[in-house]
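Counting starts at 1 for both ligands and their atoms, in listed order. Values below: all heavy atoms of this structure, side chains included; hydrogens, waters and symmetry mates excluded.
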Amino acid sequence: MISPSIGVCYYPEQWPSEWWEDDARQMAEVGIKYVRIGEFAWSRFEPKPGQLDFSWLIESMDTLGRHGLKVIVGTPTATPPRWMLTKYPDMLAVDKDGRPRGFGSRRHYCFSHLGFRKECARITQLIVDAVGQHPALAGWQTDNEYGCHGTVLSYSDSALQGYRAWLKARYGTVEALNAAWGNVFWSMDYADFDEIDLPSLTVTEPNPIASLDFRRFSSDQVAEFNKVQFDVLKAARPDLPVIHNSMCRFTGYDHFKLAETLDVMSWDSYPLGHLDGAPEPQDLKTPYFRQGDPDSSGMHHDLYRAVGRGRWWIMELQPGPVNWADFNPDPLPGMARLWAWEAFAHGAEVVSYFRWRQAPFAQEQMHAGLTRPDREPAPAYFEAKQVAEEIAQLKFDGKPGKARVAVVFDYQSEWAWEIQPQAKGFSHLQHVRNCYVPLRKRGIEVDFLSPATSDFSGYDLVIIPALFAWNEALRTAIADFDGHLLIGPRSGSKTEDFSIPAALGPDLPRNLLDAKVIRIDASNPIHKVSVKGGGNVGHWRERLETNAEIVIEDEENFPVLIAQGRLNYLAASGDRALMQRIIDHLIADADIPTLELPAGVRCRTRGKWRIYFNYGDQPATLNHAADERAYVLGNADMPAAGVTVAELATGG
Ligand code: GAL
């Protein structure tokens, strides 16, 4: 673990080398400790095949190192140079309509292309040879944002060959595949694995299990691609962390699987850009357009903390307006500080701003940095400096403790419900969020769990929001758990082979939950049905046959929440009011302590500190919490975008 530190992303190759010394000096003045470089620089490492130039990389690392800065070197595999395409014209990913994607931006490769994978191993080894022992080197980043710009799925010939081999390894015989896939339907039987095509260009929808297996295969390709670089980097420097940076609301591959070949997980946080493009209602977007959604960053921090098995960074943090959303507002003053504090509070080791200086050229010229194109400081420069000073002054450190509530996050369920939404827009992530937000509004901390978890002990409440299919681990965890459980709509409604289970969903043993989903009402979310006692259901409503206790029902007398002992099953998609009511009911039942937070304020404890963030654009006043000794940064009266740190009486 690294004590909380500030970082920055820097592109020495984009600036005259005479500027590097000043840049490094200023970075050190800001209090920056980590600098990520190199991740897009392949054409400057290897301008022509085999013609190498690492001198500038070494020189820039020398310069940064002279100022006490530690360097994370990125492998440049997200931007293969133009000559690579001449060498491997078929290395481009192919879209669903069969069109190869073009050169001229980035991420123009197919994960399954074995020739390109070899090139990645080669350039990684060359970088290791050049700077692997450099004294400023502190770690590696593999590639950049796997899957960004819709690049996980590729319908190339390499992918086709890989998919067939993957299917053969999974099913053994084509007869077994036919049976598992239900290929008796529509005469889809195959006589050989070589007859199977990728699930695109079919006349109407492909078999959902073919699509899901393609998503599973494609996710595995990302993990295998990463492993190639991980192996090279670890062989050279087993002591240095290998990191990858993921994204917001991004579920294209199974991150838990990727993280098997990573030491540290990281993600890139752009709260305003994310909110602008998020499928969230206007009544959230309007009040927070300069601050970001008060629960989105927190949810991703918690998720990536789970993915990184406790070790995670923010590799890129928004420093000002970005360039890539439909609208790119200027953050409220103070937010670049608040976002960093929030990440540290959730356990980040390093928070690194993107980028040191705004580039006056190319695609991202409208994207702010800590400094402006004229080399003068931009507002976030001072906010980053303030954070660095504050964490140093407080000696802020410690671990985020185990939460009392956990949410199971399953990437496969994301894919399954995208493939077969049944109600347009039904998503696993949205159901995760519907449970997460009401908890956070009560000051309750949340851990995420991988679906491979077989033991829920230590938690008071575990939530499984909208799980596609049970696995043995989860069945064991549920059977052995004596805390409260909330199992959400659609959970257990399919088998791993994407069929309806013989016992129908939620497919739990009767002694745990005596209930069967016998029919689904999947309607346009504009049709809402009110629930007795408050809130609405809509979009997804299950008709149940059950002997369990009916805790909440709707105005049409259909059960909404049922309970058998401590196991609760939610049979519908609820609106915000209903979800708050259900979560409040469960936290009262499970006796989980809450905090009274002003609207727009969230908090998180780490070690002996509790950190409050005011996402509101108006001042807010905190209620004194009994377990706090004193405010050590800020106080109970929080300005808009303010941060207050309380020291806990118990020592955390
Ligand atoms: C990230 C990416 C960076 C940069 C940034 C702009 O997605 O990793 O390279 O493009 O967005 O906000």
Let me know which of Arg305, Arg311, Arg606 forms a salt bridge (Lys or Arg N to Asp or Glu O under 4.0 Å) with Glu349. Arg311
Under 4.0 Å, heavy atoms only, figure out whether ligand 1 is touched by the backbone of [X], its side chain, both or neither.
{"X": "Met247", "answer": "neither"}
{"X": "Glu39", "answer": "neither"}
{"X": "Gln318", "answer": "neither"}

To check your reading of the model: name the closest protein heavy atom to [atom], its residue, and the distance in Å.
{"atom": "atom 6 (C) of ligand 1", "value": "His367 NE2, 3.2 Å"}
{"atom": "atom 5 (C) of ligand 1", "value": "Tyr270 OH, 3.3 Å"}
{"atom": "atom 10 (O) of ligand 1", "value": "Glu364 OE2, 2.3 Å"}
{"atom": "atom 1 (C) of ligand 1", "value": "Glu316 OE1, 3.1 Å"}

Quick one: which ligand 1 atoms are inside 4.0 Å of a heavy atom on [X]?
{"X": "Glu145", "value": "1 (C), 2 (C), 7 (O), 8 (O)"}
{"X": "Asn144", "value": "2 (C), 8 (O), 9 (O)"}
{"X": "Asp268", "value": "8 (O)"}
{"X": "Phe40", "value": "9 (O)"}
{"X": "Trp324", "value": "6 (C), 12 (O)"}

Do any pairs count as a side-chain hydrogen bond (donor to acceptor under 3.5 Å, both in side chains) and have a residue in residues 116-128, sequence neighbours left out, and if so which ones? Glu46-Arg122, Lys87-Glu119, Tyr88-Glu119, Arg117-Gln221, Arg117-Glu224, Glu119-Arg122, Gln125-Asp129
Could Arg375 and Trp19 be counted as a cation-pi pair, given that NZ or CZ must be under 6.0 Å from the ring centre and within 45° of the axis?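 Satisfied, under 6.0 Å and within 45°.
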Salt bridge between Arg215 and Glu414, side-chain N to carboxylate O under 4.0 Å? no
In plain terms, say whether Asp231 and Lys227 are close enough for a salt bridge, that is, a side-chain N and a carboxylate O under 4.0 Å apart.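 Looking at Asp231 and Lys227, the cut-off is met.
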Any donor-acceptor pair under 3.5 Å linking the side-chain atoms of [Y] with those of [X]?
{"X": "Gln229", "Y": "Thr142", "result": "no"}
{"X": "Glu342", "Y": "Tyr615", "result": "yes"}
{"X": "Asp143", "Y": "His244", "result": "no"}
{"X": "His113", "Y": "Ser156", "result": "no"}

Does an N or O from Asn245, backbone or side chain, lie closer than 3.5 Å to an N or O of ligand 1? no
Among the heavy atoms of Arg106, does any lie under 4.0 Å from an atom of ligand 1?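 It does; at least one heavy atom falls under 4.0 Å.
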